[in-house]
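Here the structure is laid out as structure tokens; the discussion comes afterwards.
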Amino acid sequence: GTILASNSMSIRDLDGFLAPRAAELRVLASRGANGIDGITSTALGAASASDAPLACLIGDLAFLHDAGGLLAARRLGLSATFLVVNDDGGGIFSYLPVAAFGEDADFERLFALPHGIELAELTAFGGGRHARVSKRDELEAELDRARREGGLQVLELRVDREANVAHHRALWAAAASAVDGGAAR
């Protein structure tokens with residue numbers, strides 16, 4: 001099948017954490033016109049060009065930014081699975097130094113951009129099926145179901161921004177430590 005990685009944290013996470021595999025996997029990425037523009041439509045366009053399953057790893061803001069693209073799935077009967085990492089805003093900005101300034105920089109309003117939108121309602125707008133996942137086994141089961149059923153499938157993984165940043169930093173530190181330890185040998 002094919003994975004399309006959205007811009008921002010999605011492509012970074014895929015690049016940093018996708019394990020090597022023997023099975024063939026086509027990976028696409030899209031910068032969008034100005035970053036996150038048009039990613040949903042790009043994924044649906046790629047899905048329309050192949051019979052192979054397509055999954056799109058995308059953040060909530062990118063998914064919301066191109067919500068109108070979901071109408072193409074409904075109108076054209078397209079099949080695509082969206083794994084939406086929902087941190088209720090622009091989580092990537094929490095990795096930047098500006099996050100440390102918090103309310104002094106009006107961080108939540110200007111950078112984090114919390115939206116509070118229920119993705120299940122947006123998925124219904126596109127005529128699709130929505131499922132919330134929180135564990136690996138749930139994700140694997142829902143991905144299998146999405147491949148079997150076809151159509152528009154939206155799998156939502158809710159993420160706490162602060163916990164996600166801490167988790168990433170711990171992973172990066174462990175990787176750096178492993179590399180440093182390997183170089184000393």
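Judged by distance alone, with hydrogens and angles left aside, the side-chain atoms of Asp66 form a donor-acceptor pair with the main-chain N or O of Ser41 at under 3.5 Å. A donor-acceptor pair under 3.5 Å is absent between the side-chain atoms of Arg161 and the main chain of Gly91, judged by distance alone. Judged by distance alone, with hydrogens and angles left aside, the side-chain atoms of Arg12 form a donor-acceptor pair with the main-chain N or O of Ser8 at under 3.5 Å. Between the side chain of Arg158 and the main chain of Ser134, no donor-acceptor pair closer than 3.5 Å is present. The main-chain N or O of Asn164 is found under 3.5 Å from a side-chain atom of His168 such that the two form a donor-acceptor pair.
Under a hydrophobic clustering in which Ile, Leu, Val, Met, Phe, Trp and Tyr are joined whenever their side-chain heavy atoms come within less than 4.5 Å, directly or via other members, Leu155 and Phe17 fall into different clusters. By the criterion of side-chain heavy atoms lying less than 4.5 angstrom apart, applied directly or through intervening Ile, Leu, Val, Met, Phe, Trp or Tyr residues, Leu4 is not grouped with Leu14; the two fall into different hydrophobic clusters. Hydrophobic clustering places Leu28 together with Val84 (ILVMFWY residues linked when any side-chain heavy atoms are closer than 4.5 Å, directly or through intermediates). Follow the hydrophobic side-chain contacts under 4.5 Å out from Val85 and you never reach Phe82; the two are in separate clusters. Hydrophobic clustering (ILVMFWY, side-chain heavy atoms < 4.5 Å, transitive): Ile117 and Val154 are in one cluster.
Ring planes of Trp172 and Tyr95: tilted class, angle from 30 to 60°.
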Practice item. Tell me, with the steps shown, if Asp106 and Phe111 meet side chain to side chain contact (heavy atoms under 4.5 Å, CB included). Key: CA-CA 8 Å; Asp106 203 3; Phe111 294 93; over 6 Å; no

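The heavy-atom pair separating Thr123 from Leu152 by the smallest distance is O-CD2, 4.2 Å. When every heavy atom of Leu44 is checked against every heavy atom of Ala72, the shortest pair comes out as CD1-CB, 4.4 Å. The two residues Ser79 and Gly151 come nearest to each other via the heavy atoms OG-N, 2.7 Å. The shortest heavy-atom contact between Ala29 and Ile11 is CB-CD1, 3.9 Å. In this structure, Val98 and Phe93 approach most closely via the heavy-atom pair CG1-O, 4.4 Å. Scanning both residues, Ala105 and Leu110, for their nearest heavy atoms gives O-CD1, 3.7 Å.
With respect to Arg132, the salt bridge (Lys or Arg N to Asp or Glu O under 4.0 Å) criterion is satisfied by exactly one of Glu138, Glu142, Glu118: Glu118.
Between Glu24 and Arg26, no side-chain nitrogen of the basic residue sits less than 4.0 Å from a carboxylate oxygen of the acidic one, so the salt-bridge criterion is not met. Under 4.0 Å is where a charged nitrogen must lie from a carboxylate oxygen, and between Asp144 and Arg147 at least one such pair does.
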Pair up each side-chain donor or acceptor in residues 55-65 with any protein partner under 3.5 Å, not counting sequence neighbours, and list the distances.
| residue | atom | partner | partner atom | Å |
| --- | --- | --- | --- | --- |
| Asp60 | OD2 | Asp88 | N | 3.1 |
| Asp60 | OD2 | Gly89 | N | 2.8 |
| Asp60 | OD2 | His115 | NE2 | 2.6 |

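Note that OG of Ser10 and CD1 of Ile92 are 9.0 Å apart. Values are rounded to the nearest 0.5 Å. To the nearest 0.5 Å, the span separating OG1 on Thr81 from CD1 on Ile3 amounts to 11.0 Å. Leu139 contributes atom CG, which lies 5.5 Å from atom CG of Leu83 (distance to the nearest 0.5 angstrom).
The 12-atom threshold is exceeded at CG of Asp137, counting heavy atoms of other residues, nucleotides or ligands nearer than 6.0 Å.
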